[in-house]
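Input: a single structure, listed below in structure tokens.
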Amino acid sequence: MKIKNLKLKIKSRYFPQEIESKWQEIWDKTGLYKFSSKHGKKYYNLVELPYPSGDLHIGHWFSFVPPDVHARYKRMAGFDVFFPNGFDAFGLPAENAAIKRGVHPKDWTMKNVATMTKQFATMGTMIDWDYTAITCLPEYYKWNQWIFLKMFERGLAYRGKALSNWCEVDKTVLANEHIEAGKCWRCGAEVIQKEVEQWFLRITEYADRLIWPQMEETGGQPHADRDARSSFPQNQSQTSSLSESQLSNSEDNPSGQEPSFGSLADGLSSGKDHQPARNASASVAGGSSIINHKSFVDWPKQVIDGQNNWIGRSEGVLIQFPISNSQFSIEVFTTHPETADGATFLVVAPEHEFVSSLLNGKWQMANGKLKEIQEYVEQAKKKTEMERKEDRTKSGIFTSKYVKNPVTGKDIPVWISDYVLAGYGTGAIMAVPSADQRDREFATKFQLPIEKTSFKAKPENAIAKVNYHLRDWSISRQRYWGTPIPVIHCRECWEVKSQKSPARNASASVAGGKVKSKQGSDYSIIDGKEYAMIPVPLEDLPIELPYNVDYTPKGKPPLASDEEWLSVKCPKCGGKAKRDAETLDTFFDSAWYFYRYVSPNYDKAPFDQEKVKQLLPVDVYFGGSEHTLGHTLYARFFTKVFKDMGLIDFDEFADKRVQHGVVLGPDGNRMSKSKGNVVSPDDVVKEYGADAVRLYLCFMMPYEATAPWSVGAINGIYRFLKRVWELQDKIKNQKSKIKDELSREDYSQMHKAIKKVGDDLNNFQFNTAVAALMTWLNFLSAKDKIAKEEYETFLKLLAPFAPHLTEEIWQTINSSANSIHLENWPVYQANHLVEENTQIVVAVNGKTRATILVPTDKIEEQSEVEKLAKDNQSVVKYINNMQVKKVVYVKARIINFVVG
RNA sequence: GGCGCGGUGGUGGAACGGUAGACACGCAAGUCUCAAAAACUUGUGAGUGUAAAAGCUCAUGAGAGUUCGAAUCUCUCCCGCGCCACCA
């Protein structure tokens, strides 16, 4: 007897390890998650594509699971959810790993892609892998090259110079992370700042269009191009507004699949750190008006403000300061021209052209002075950007020249200092020590005069000027593992051209990344020789990255040493020419991958415009906050370029952005191998199952928060799932079918849960959605009998979180059932949300003194509620002998007696 | 220095301006057990009070304000975290 019982128990125990892989296989075989557009309501659910680093870690789970839960909910709610994924497969880590271990970057990368794809399967997501992109494959980067060429054609990709970290020994540009204490990490040589030729994208041209409009309280982020947007099929984007009738009676909502439309509007306006949704409140008031939720975009304030700051538009003026005893002048940018009367000296950056002209001997000057200046400038140039940032003490040198202050008419001295940046404004400032902290420090240190400003001075010769903090995007990397730049450098073509127009200036200067010439350079310089830049014809794409290349560091781009690959016939003149040996920044790859996803095999263009029309813009873009300034800005930039190229007709690629936090190690620190606090998802899955991990990641904290992993808490989640599992027995052992025996309380609990879970999932509030499920489970567990309707509804609500467990139970209790993931999301009925009696708080002078139960059909009548409240024992003693001055009644919530 | 986000029990966190601490974790006691684990039940902000209850007081970083009523709105300050940073 005992043994038999034991057997039964074991049989009915929850073993996630057994059921999870089984269902993953079945879903895969039956194509359950293949995308189809049968409902005509698309929903593009996008997560930032991962880098194939080797193994899936908890961070990947955290990035993908809540979005998957959201996607599954949307799917059950009747949307055609498009949820693809790919790999951001080019980049430095592969090259470094390869150098370290002697494996080829491609082999290393593709092996990781394979491993991680397998690991993704254990997560149980509904990702449709038919739609993917692996950026290191020619069929993807071919289109990188295509886009690059189109940009080149439009003058958006250009060759220019920028100050960079430069190692004189290795003759190469170094990234900041490759400088150790001012020295080259490879050879130990001093690193200097040098103007180096490289490829740029002219993102500054789009600065104004990339600025998010700042909306007042009532606004949202308006879509810059509403008309274009409304030319899209609108069936997916028009939602009825929130109205009482829809909330109170689901039969008025025959579309039925999306019971939370009301809360959709709510959700878009509720996020504390999000811009409020335009029109939401107005349409509630208006009743019948329509919300087109695509007429605005909803991005976190953090991103909007961050990007706007980064772009850094500032309006000011240019003022000429005439150089004494000459016909030349120095131009200055300032946002405070009204302080010009307090300008007691002028400072130019060491890279300023006036300094060069001094050093070139264009100005009469004492010999010793010239040498001093030369020394100062050289020293300043030696400083790396890092050092400039760290060392804030002012240094500088007097030029011995003066300029005339156009307001006061006084001669003021010109100084050189590296606290003035060559890359911003004109590289020269008027120093107003009485108004500016930095100028004051400088003046104090070098004993320069400090004069008060009236703040009323306005130089007559000031010209309005807008400056941006944003700089053009440097996209060339002297690396192997990236997209080859599809440009051919031809000496012969250059010679022909230069003979035609012999008067050539030096190539455009981009001091500090700031473009000075609009055009950029129309020729390149390689090893000191000029070449014409000939774009590779589109039909010759892709320029494949050769496999057998010595990619170990040698001081020049690895591709530059592959003579065979490098030498090529010039497509223009047919002569001997060279390929470009540099590769594209990987941020180029990731700036448009979500367009490629929709038609990954399309071979006529980067993407199929028809498909993009169907599926974009992205409805929600999940990712980390580290991409606030880089990736998401670049992706917006590409989108605007695509629009200008006529490839698309919208302005923003994603309607909504959701940024998640970080899962820390159990010790509260960021997970890292060296700290030994890494939680391996594989291990946890082995112990608790994927469903438990999924649920825990949703439950542990708000999605945007950062908190440590808790071993205890996941155990609690496991317990919860076990209890769900064991309810099966309760259902089975019930003799009578109690379908019609649900009480008002039962219904109320059920429909509250339906509403809460749906609303929360719409609003990305995963943690409280799980809590609502727990609350309802606690209620169900305490009951003697459970109706099948209740259990099935519960499973449906749980299905997005725990797809395996719910599928297993679903198909066990319904022998002929299809997948639970094909079920419709339950629809809550407002009349069931209401209980027989409503609890109302009774307060006296704002302090809670009692709670009373009022029959729900009486809560409209204040006099009734008041009477009941006054009858209450514990209220009586506070009101007795007092004069009731005022009674505040908030329907169904609180009644407050103000006594005195 | 600028911008952004936060500060609620022992912990993670809930709270349309309306019962602060939902839901969990942890902890304590109990049931079961030879025992432990697991599971289940109960309790759990702090103080005060009581045989036990009822009850009362204080509590959302500090202080003020608005309000019948404030974790929530306003102002001042303090402290954390993130990003940017000599940007004129």
Side-chain angles (χ1 to χ4, degrees), chain A residues 9 266 270 272-273 300-306 308-310 312 314 316 332-336 339 343 347 349 388-389 391-394 417-421 423-432 435-439 441-442 467-471 512 514 625-626 628-629 661-662 668 696 699-702 704-717 719-720 722-723 726 756 765 767-778 781 839-851 873-874 877 885-900:
Chain A
K9 261 194 169 168
D266 274 345
S270 70
K272 280 173 223 140
D273 55 347
K301 195 166 163 37
Q302 181 199 352
V303 178
I304 285 168
D305 288 353
N308 282 356
N309 270 333
W310 182 253
S314 68
V332 152
F333 174 76
T334 178
T335 52
H336 293 286
T339 64
V347 190
R388 280 200 183 193
K389 277 176 190 170
D391 182 16
R392 292 211 167 203
T393 56
K394 300 281 181 292
S417 173
D418 63 4
Y419 88 88
V420 173
L421 304 174
Y424 187 76
T426 63
I429 61 154
M430 61 172 201
V432 186
D436 186 283
Q437 170 78 30
R438 296 153 303 180
D439 296 346
E441 280 171 29
F442 194 83
N467 252 324
Y468 298 93
H469 178 199
L470 184 72
R471 294 173 184 184
K514 177 76 187 164
S625 51
E626 68 273 22
T628 295
L629 294 183
V662 181
Y696 173 61
F699 181 63
M700 66 184 291
M701 57 183 172
E704 62 279 5
T706 291
W709 178 271
S710 157
V711 179
I714 192 169
N715 204 30
I717 289 287
R719 211 148 41 208
F720 165 77
K722 253 192 325 206
R723 286 170 62 206
E726 280 154 14
K756 177 73 176 154
Q765 287 159 359
N767 58 332
T768 48
V770 176
L773 284 168
M774 289 173 165
T775 306
W776 191 26
L777 181 70
N778 290 345
S781 308
Q839 202 177 54
I840 290 176
V841 171
V842 184
V844 179
N845 285 344
K847 284 197 172 171
T848 303
R849 294 303 176 186
T851 58
Q873 281 297 313
S874 37
K877 60 183 175 190
K885 288 179 179 166
K886 191 176 174 185
V887 181
V888 181
Y889 175 57
V890 181
K891 196 182 109 186
R893 287 218 175 253
I894 192 167
I895 184 159
N896 186 19
F897 295 98
V898 184
V899 300

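As the structure is a prediction and not an experimental result, all values here were calculated from the model. Proteins come first, then strands; the chains are lettered A, B, ... in the order of their sequence lines, and each starts at number 1.
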Once you round it to whole Å, what is the distance between [atom2] of [N] and [atom1] of [X]?
X: A:Met701; N: B:G6; atom1: CE; atom2: P; result: 15 Å
X: A:Glu704; N: B:A14; atom1: CD; atom2: P; result: 8 Å
X: A:Met430; N: B:A88; atom1: CE; atom2: C1'; result: 8 Å
X: A:Ile304; N: B:C3; atom1: CD1; atom2: C1'; result: 14 Å
X: A:Arg893; N: B:G17; atom1: CZ; atom2: C1'; result: 10 Å
X: A:Glu626; N: B:C84; atom1: CD; atom2: C1'; result: 16 Å
X: A:Ile894; N: B:C16; atom1: CD1; atom2: P; result: 15 Å
X: A:Tyr424; N: B:A88; atom1: OH; atom2: C1'; result: 7 Å

Open item on the list: When you measure from the side-chain N and O atoms of A:Arg849 to the phosphate of B:C56, is any distance below 4.0 Å, counting only OP1 and OP2?
Closed with: yes
Task: OP1 or OP2 of B:A24 under 4.0 Å from side-chain N/O of A:Asn778 - done: yes
- [ ] Give A:Lys847 one of three labels, base, sugar-phosphate or nothing, depending on what nucleic acid heavy atoms sit under 4.0 Å from its own.
- [x] sugar-phosphate
- [ ] Would you indicate what A:Pro708 reaches in the nucleic acid, counting non-hydrogen atoms under 4.0 angstrom: base, sugar-phosphate, or nothing?
- [x] nothing
Polar atoms only, N or O, under 3.5 Å: list the protein pairs with nucleotides 48-50 of chain B and their distances.
none

Minimum-distance nucleotide (side-chain atoms of [X] versus [options]):
X: A:Leu629; options: B:G12, B:C84, B:C23; answer: B:C84
X: A:Val420; options: B:G18, B:A88, B:C68; answer: B:A88
X: A:Met774; options: B:C68, B:C23, B:C84; answer: B:C23
X: A:Thr335; options: B:C25, B:A14, B:A88; answer: B:A88

TODO: Mark yes or no for a side-chain to base donor-acceptor pair under 3.5 Å between A:Asn309 and B:C3, with no hydrogen or angle criteria applied.
DONE: no
TODO: Look at the side chain of A:Lys394 and the base of B:C86, then say whether one donor and one acceptor between them are separated by less than 3.5 Å.
DONE: yes
Open item on the list: Let me check I have this right: for RNA chain B, each base becomes ., (, ), [, ] or |, based on Watson-Crick or G-U pairs with both distances under 3.5 Å. What is the full string?
Closed with: (((((((..(((.....[....)))((((((.......))))))((((......))))..(((((..]....))))))))))))....
Identify every side-chain donor-acceptor pair in residues 890-900 of chain A under 3.5 Å, counting partners at least two apart or on other chains, and give the distances.
from     : atom 1 : to       : atom 2 : distance (Å)
A:Lys891 : NZ     : A:Glu860 : OE2    : 3.2
A:Asn896 : OD1    : A:Asn845 : N      : 3.4
A:Asn896 : OD1    : A:Gly846 : N      : 2.9

- [ ] Using atom types as modelled and distance alone, determine if a side-chain donor or acceptor of A:Asn467 lies under 3.5 Å from a backbone N or O of A:Ser314.
- [x] no
Task: From A:His469 atom NE2 to A:Asn308 atom CG, the distance as rounded to the nearest 0.5 Å - done: 13.5 Å
Open item on the list: Can you tell me how far apart CZ (A:Arg723) and OG (A:Ser781) are? Round to the nearest 0.5 Å.
Closed with: 4.0 Å
